[in-house]
Amino acid sequence: MSTALPAGSTIGIIGGGQLGRMLAMAAARLGYRTVVLEPQGDCPAAQVANRQIIAAYDDAYGLAELSRESDVVTYEFENVPVASAKALAADVPVFPPAKALEVSQDRVAEKAFLNGIGISTADYRPVDNDRQLTDALKEFSGAGILKTRRMGYDGKGQRAFDKIGGDDVSGTFASMGAVPLILEAFVAFEREISVIAARGRDGSLAAYDPAENIHRAGILHTSTVPAKLKAATAQAARDAAFAILEALDYVGVIGVEFFAAKDGRLLVNEIAPRVHNSGHWTEAACGISQFEQHIRAIAGLPLGTTARHSNCVMENLIGNDVARAEALLAEPDVVLHLYGKAEARAGRKMGHFTRLKRRR
Ligand code: AMP
């Protein structure tokens with residue numbers, strides 16, 4: 001007998017941003033209802049979901065209502081409180097598992113986990129004061145990237161050191177907010193790539209082709225597929241993503257970001273236990289998008305094919321870039337997606353488009 005979630009069931013989504021919106025749209029296409037838990041009213045996801053519960057991510061009443069309404073719960077961002085995911089999991093299946101949140105919320109725990117399963121990362125040192133920063137910089141010959149251990153995204157909470165010597169860092173710990181930090185050795189990378197992979201409730205695995213990512217001011221600018229990679233490197237990236245999925249007993253889609261270093265090493269930068277911005281191209285260049293793949297996985301349905309019918313470039317529309325929308329719609333082979341955000345603030349992701357380069 002199938003254990004798949006029957007059509008008409010309700011999927012709970014924690015987080016109301018554009019990723020939640022695209023998950024809700026994919027869920028609707030497979031016949032599911034969605035309820036979104038998000039404190040911000042009229043959020044991008046709630047505009048397309050069946051219902052929004054307006055409550056904080058750690059609000060006991062909101063969580064209780066989400067669990068009552070949902071047949072399965074998922075999330076669209078990695079900073080969901082672990083306690084919330086664990087509390088929900090007592091009543092309703094929660095995918096991906098809370099362990100994936102624990103690992104990805106702390107850059108030190110994440111690297112320790114990855115290294116523990118044989119996956120290479122940048123060398124790193126935890127930093128909890130200026131003295132430790134001085135020592136760690138000395139070990140890394142003065143070059144490194146200092147990051148907050150928790151709650152960092154889109155390059156926020158980061159500072160680069162470039163061989164400035166180990167003695168003029170006083171005040172840095174305080175200036176970073178006096179929170180736990182990590183110093184990562186600087187990786188001279190040739191390119192940044194990412195793999196979007198999935199694991200089903202039955203343990204089946206699937207991965208899309210790696211994308212090559214360009215960041216601007218710490219925010220993803222473009223994802224190009226195929227990435228310029230040797231076949232063996234692309235396979236190594238897929239294998240690493242699969243190893244992570246299995247080690248976490250994961251269900252759902254994961255985004256794994258890598259540095260392809262100039263010296264030939266493939267290092268994981270970070271993992272995102274959710275659908276990922278660098279996988280948006282899949283909605284335009286593949287029959288089954290990362291969003292549908294995630295819904296299939298958590299609903300216990302068979303995973304879909306990850307085959308790609310076109311080469312493509314996905315580009316984010318940040319802030320006022322959104323003014324390009326109408327002109328982009330006039331272009332053949334452009335697939336546009338807007339997120340329903342009223343105000344185009346600087347640095348805000350307003351939408352994206354994928355330009356298909358047809359070839360098959
Ligand atoms: P993150 O928030 O960790 O994804 O970092 C944002 C961006 O900063 C990455 O996409 C890289 O372009 C750059 N970066 C982060 N960590 C390192 C590192 N250890 N070495 C070189 N570049 C890095």
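First listed ligand is number 1; within each ligand, the first listed atom is number 1.
Residue contacts with ligand 1: Glu257 is placed with no nitrogen or oxygen under 3.5 Å of a nitrogen or oxygen of the ligand (distance criterion only). Here's the thing with Ala122: none of its N/O atoms is less than 3.5 angstrom from an N/O atom of ligand 1. Between Phe259 and ligand 1, no pair of N/O atoms sits closer than 3.5 Å.
Heavy-atom contacts of Phe186 reach the following atoms of ligand 1: 20 (N), 21 (C) (cutoff under 4.0 Å). Interface of Arg107 with ligand 1, defined as ligand atoms under 4.0 Å from a residue heavy atom, comprises 2 (O), 3 (O). Within ligand 1, counting atoms from 1 as listed, the ones closer than 4.0 Å to a heavy atom of Val187 are 18 (C), 19 (N), 20 (N), 21 (C).
Under 4.0 Å from ligand 1, the heavy atoms of Asn269 that appear belong solely to its side chain. In Ile145, the part holding a heavy atom less than 4.0 Å from any atom of ligand 1 is the side chain.
Side-chain contact, Lys230 with Gln235: no donor N or O sits under 3.5 Å from an acceptor N or O. No side-chain N or O of Gln290 forms a donor-acceptor pair with one of His276 less than 3.5 Å apart. No side-chain donor-acceptor contact under 3.5 Å links Thr172 and Asp130. With hydrogens and angles left out, the side-chain atoms of Ser120 and Asn115 include no donor and acceptor closer than 3.5 Å. Inspection of the Ser194 and Ser278 side chains reveals an N or O donor paired with an N or O acceptor under 3.5 Å.
The option from Arg216, His215, Lys147 that lies nearest to atom 15 (C) of ligand 1, judged by heavy atoms, is Lys147.
Taking 4.0 Å as the cut-off, Ala185 counts as a neighbour of ligand 1 on heavy-atom distance.
Between His352 and Tyr339, the ring planes lie tilted relative to each other; the angle falls in the 30° to 60° range.
Aromatic rings of Phe259 and Phe186 (six-membered ring for Trp) have centroids beyond the 6.0 Å cut-off, not under it.
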